[in-house]
**Student:** 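Here it is: the structure, laid out below.
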Amino acid sequence: MKYILSFLLLFFTTLTFSQTKILSWNLENLGKSKSESELNFIASTILDFDIIIIQEVVAGYGGAQAVAKLAGILNTKGTKWDYSISNPTSSSSYKTERYAFIWKTSKIKLKGNTWLEKKYSLEIDREPYFATFEINKKTITLVNFHAITKNKQPETEIKYFKFLPAEYPTLNLVFIGDFNCPQSHTVFNPLKKMGYAPILLNQKTTLKQKCRDDNCLASEFDNMFYKTNSLEYIHSGIVPFYKNFNSLKEARKISDHIPIWFEFSLK
């Protein structure tokens, strides 16, 4: 009996360790405007995930500091975290920002340098931010992206993503972030034909100004696209954090987007 229990414990420990949970969140102007209590709320919301992918970090003073402060709060909660922040995106015609990754060092290792993709920086306002992570001796490269707003036609940027797998043929790419565009849009068809699949279907991820009969979500903008022959899909979903607040007005001080998450194992 003792041996069976030991085996089961080992089996479930191995199983848990081989599964990775990542969370992506557009944290709307993450910078000095976020209070200590708001950062604490964010930390408690993301605590159970292994890698956090953040869009909309303020490019100017306060953005990088807010990410460092958030990682610092996470480090007080029993697990060691590390983080990486991009340089400001090179956009001149639109709103320049930073991106960030935060990860649990016990499960995840950053491999090499992170980088902003310069290849299409003239065609893409906020060029995506790449990071390669090692998980259980296998690697995955997360491509963190925040598209221009819907009225500026984000599909004119997203269409360049179909060239990135050929640019990086040895990397296991996962495209993540706020696309300002639903996954059903035809601009994603080339990626889908290459074997990429979205983690969410028909799932709205932005907050309305006010709920109407429990309907609080507006647009299907945030998603992740993964290579189905490289990753084993386990589960995915959203974190409806706004339910912790009395009104959407209060919730929107945290963000106008909800976090999305993906649990997988590497094949």
Side-chain angles (χ1 to χ4, degrees), residues 22-27 30 51-60 63-64 67 82-103 108-135 139-150 152-181 183 185 187-199 221-227 230-231 257 260 262 266:
I22 62 178
L23 176 141
S24 175
W25 201 352
N26 174 333
L27 271 169
L30 178 60
I51 306 176
I52 313 303
I53 301 110
I54 300 172
Q55 301 88 44
E56 236 185 88
V57 178
V58 172
V67 175
D82 202 352
Y83 65 93
S84 176
I85 306 166
S86 76
N87 289 328
T89 53
S90 63
S91 158
S92 53
S93 60
Y94 198 51
K95 193 178 158 200
T96 182
E97 291 170 8
R98 295 179 192 264
Y99 298 102
F101 293 106
I102 311 177
W103 63 92
I108 313 293
K109 283 190 181 76
L110 180 67
K111 282 198 66 110
N113 296 323
T114 58
W115 72 96
L116 283 168
E117 176 54 59
K118 296 297 181 191
K119 177 89 178 177
Y120 302 104
S121 61
L122 295 177
E123 294 83 6
I124 298 175
D125 254 333
R126 292 180 289 230
E127 64 271 34
Y129 184 45
F130 284 61
T132 298
F133 294 99
E134 185 180 300
I135 307 165
T139 57
I140 186 170
T141 302
L142 306 183
V143 181
N144 190 354
F145 180 58
H146 184 197
I148 50 177
T149 55
K150 192 179 179 186
K152 289 182 178 281
Q153 297 179 299
E155 61 273 18
T156 59
E157 296 187 322
I158 297 164
K159 68 182 184 185
Y160 291 97
F161 275 55
K162 65 179 179 238
F163 301 121
L164 292 173
E167 285 287 321
Y168 299 100
T170 61
L171 299 183
N172 182 6
L173 301 178
V174 183
F175 301 104
I176 298 169
D178 173 9
F179 295 94
N180 277 311
C181 191
Q183 61 75 33
H185 195 290
V187 74
F188 292 110
N189 286 355
L191 280 178
K192 289 175 180 174
K193 281 178 185 153
M194 288 179 215
Y196 285 87
I199 63 159
F221 284 170
D222 303 82
N223 221 316
M224 307 186 196
F225 293 82
Y226 70 100
K227 197 82 178 284
S230 304
L231 268 65
H257 287 247
I260 63 168
F262 180 28
L266 287 163

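Treat the numbers as computed from the prediction; the structure is a model and nothing was measured. Heavy atoms only: backbone and side chains are in, while hydrogens, waters and symmetry mates are out.
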**Student:** Got His146 and Asn180 here, is their nearest side-chain heavy-atom distance under 4.5 Å?
**Tutor:**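 Of all side-chain heavy-atom pairs linking Asn180 with His146, at least one is under 4.5 Å.
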**Student:** Minimum heavy-atom separation for Gln55 to Ser24, with atom names?
**Tutor:**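 So the minimum-distance heavy-atom pair works out to NE2-OG, 3.1 Å.
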**Student:** Give a yes or no on whether the backbone of Trp25 and the side-chain of Asp222 come within a donor-acceptor separation of less than 3.5 Å.
**Tutor:**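 Judged by distance alone, no pair lies under 3.5 Å.
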**Student:** Counting N and O atoms only, with roles assigned by atom type, does the side chain of Arg126 sit under 3.5 Å from a partner on the main chain of Ala147, one being a donor and the other an acceptor?
**Tutor:**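 Checking the backbone N and O of Ala147 against the side chain of Arg126, a donor-acceptor pair under 3.5 Å is found.
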**Student:** List for me each residue that meets side chain to side chain contact (heavy atoms under 4.5 Å, CB included) alongside Lys118, sequence neighbours excluded, and say none if there are none.
**Tutor:**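 Residues passing side chain to side chain contact (heavy atoms under 4.5 Å, CB included) with Lys118: Ser90, Leu116, Glu127.
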**Student:** What's the spacing between Tyr168 OH and Leu173 CG if we round to 0.5 Å?
**Tutor:**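 Those atoms lie 8.5 Å apart.
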**Student:** Return the CG to CD distance between Leu30 and Glu97, rounded to the nearest 0.5 Å.
**Tutor:**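 These two atoms lie 10.5 Å from each other.
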**Student:** For Lys227 and Met194, work out which heavy atoms get closest and say how close.
**Tutor:**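 Result for this residue pair: CE-O, 2.9 Å.
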**Student:** Identify the heavy atoms of Arg98 and Pro88 that sit nearest to each other, and give their distance.
**Tutor:**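 So the minimum-distance heavy-atom pair works out to NH1-CD, 3.5 Å.
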**Student:** Could you give the distance from CG (Leu23) to CD1 (Ile52), rounded to the nearest 0.5 Å?
**Tutor:**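 Between Leu23 CG and Ile52 CD1, I get 5.0 Å after rounding to 0.5 Å.
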**Student:** Taking all heavy atoms of Ala64 and all of Val57, pick out the closest pair and write down the distance.
**Tutor:**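 Minimum heavy-atom separation between Ala64 and Val57: N-CG1, 4.2 Å.
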**Student:** Does any N or O in the side chain of Tyr196 come within less than 3.5 Å of the main-chain N or O of Phe188, such that one atom is a donor and the other an acceptor?
**Tutor:**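 Judged by distance alone, no pair lies under 3.5 Å.
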**Student:** Could you report the tightest heavy-atom contact between Val174 and Leu231, atom names first, then the distance?
**Tutor:**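 It is CG2-CD2, 4.1 Å.
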**Student:** Kindly determine whether Leu110 and Asp82 satisfy side chain to side chain contact (heavy atoms under 4.5 Å, CB included), including the steps that lead there.
**Tutor:** CA-CA 9 Å; Leu110 180 67; Asp82 202 352; over 6 Å; no
**Student:** Apply side chain to side chain contact (heavy atoms under 4.5 Å, CB included) to Phe133 and Ile51, showing your working.
**Tutor:** CA-CA 10 Å; Phe133 294 99; Ile51 306 176; 4.1 Å; yes
**Student:** Once you round to the nearest 0.5 Å, how far does CZ of Phe130 lie from CD of Glu167?
**Tutor:**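 One gets 8.5 Å once the value is rounded to the nearest 0.5 Å.
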**Student:** Kindly write out the residues that satisfy side-chain hydrogen bond (donor to acceptor under 3.5 Å, both in side chains) with Tyr129, not counting sequence neighbours, or none if the list is empty.
**Tutor:**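 Counting only residues at least two positions away or on another chain, Tyr129 forms a side-chain hydrogen bond (donor to acceptor under 3.5 Å, both in side chains) with Ser84, Thr114.
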**Student:** Output the distance between atom CD1 (Ile53) and atom CD1 (Ile22), rounded to the nearest 0.5 Å.
**Tutor:**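 Nearest 0.5 Å value for the CD1-CD1 distance: 4.0 Å.
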**Student:** Do you know the tightest heavy-atom contact between Trp103 and Phe101?
**Tutor:**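 Between these two residues, the closest heavy atoms are CZ3-O, 3.6 Å.
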**Student:** Given side chain to side chain contact (heavy atoms under 4.5 Å, CB included), test Lys95 with Glu56 step by step and report yes or no.
**Tutor:** CA-CA 10 Å; Lys95 193 178 158 200; Glu56 236 185 88; 3.8 Å; yes
**Student:** Atom CD1 of Ile108 and atom CD1 of Ile102: how far apart are they, to the nearest 0.5 Å?
**Tutor:**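 One gets 13.5 Å once the value is rounded to the nearest 0.5 Å.
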**Student:** Taking only residues two or more places apart in sequence or in another chain, which ones pass side chain to side chain contact (heavy atoms under 4.5 Å, CB included) with Lys111?
**Tutor:**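 Testing Lys111 for side chain to side chain contact (heavy atoms under 4.5 Å, CB included), a comparison that skips the adjacent residues, returns Thr132, Glu134, Thr139.
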**Student:** Taking side chain to side chain contact (heavy atoms under 4.5 Å, CB included) as the definition, give me every residue that meets it alongside Pro198, ordered by chain and number, with sequence neighbours left out.
**Tutor:**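 Checked Pro198 against side chain to side chain contact (heavy atoms under 4.5 Å, CB included); matches are Gln183, Lys192, Leu201, Asn223, Phe225.
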**Student:** Please report the C-alpha distance between Leu142 and Asn144 in whole Å, then the side-chain angles of each, then the deciding distance to 0.1 Å, and finally whether the side chain to side chain contact (heavy atoms under 4.5 Å, CB included) criterion is met.
**Tutor:** CA-CA 6 Å; Leu142 306 183; Asn144 190 354; over 6 Å; no
**Student:** What donor-acceptor contacts under 3.5 angstrom involve side-chain atoms of residues 154-165, with partners at least two apart or in another chain?
**Tutor:**
| from | atom 1 | to | atom 2 | distance (Å) |
| --- | --- | --- | --- | --- |
| Thr156 | OG1 | Gln153 | O | 2.6 |
| Glu157 | OE1 | Ile148 | N | 3.1 |
| Glu157 | OE2 | Asp125 | N | 2.7 |

**Student:** Output all residues satisfying side chain to side chain contact (heavy atoms under 4.5 Å, CB included) with Val58, sequence neighbours left out; order by chain, then residue number.
**Tutor:**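 Partners of Val58 by the side chain to side chain contact (heavy atoms under 4.5 Å, CB included) criterion, ordered by chain and then number, come out as Asn29.
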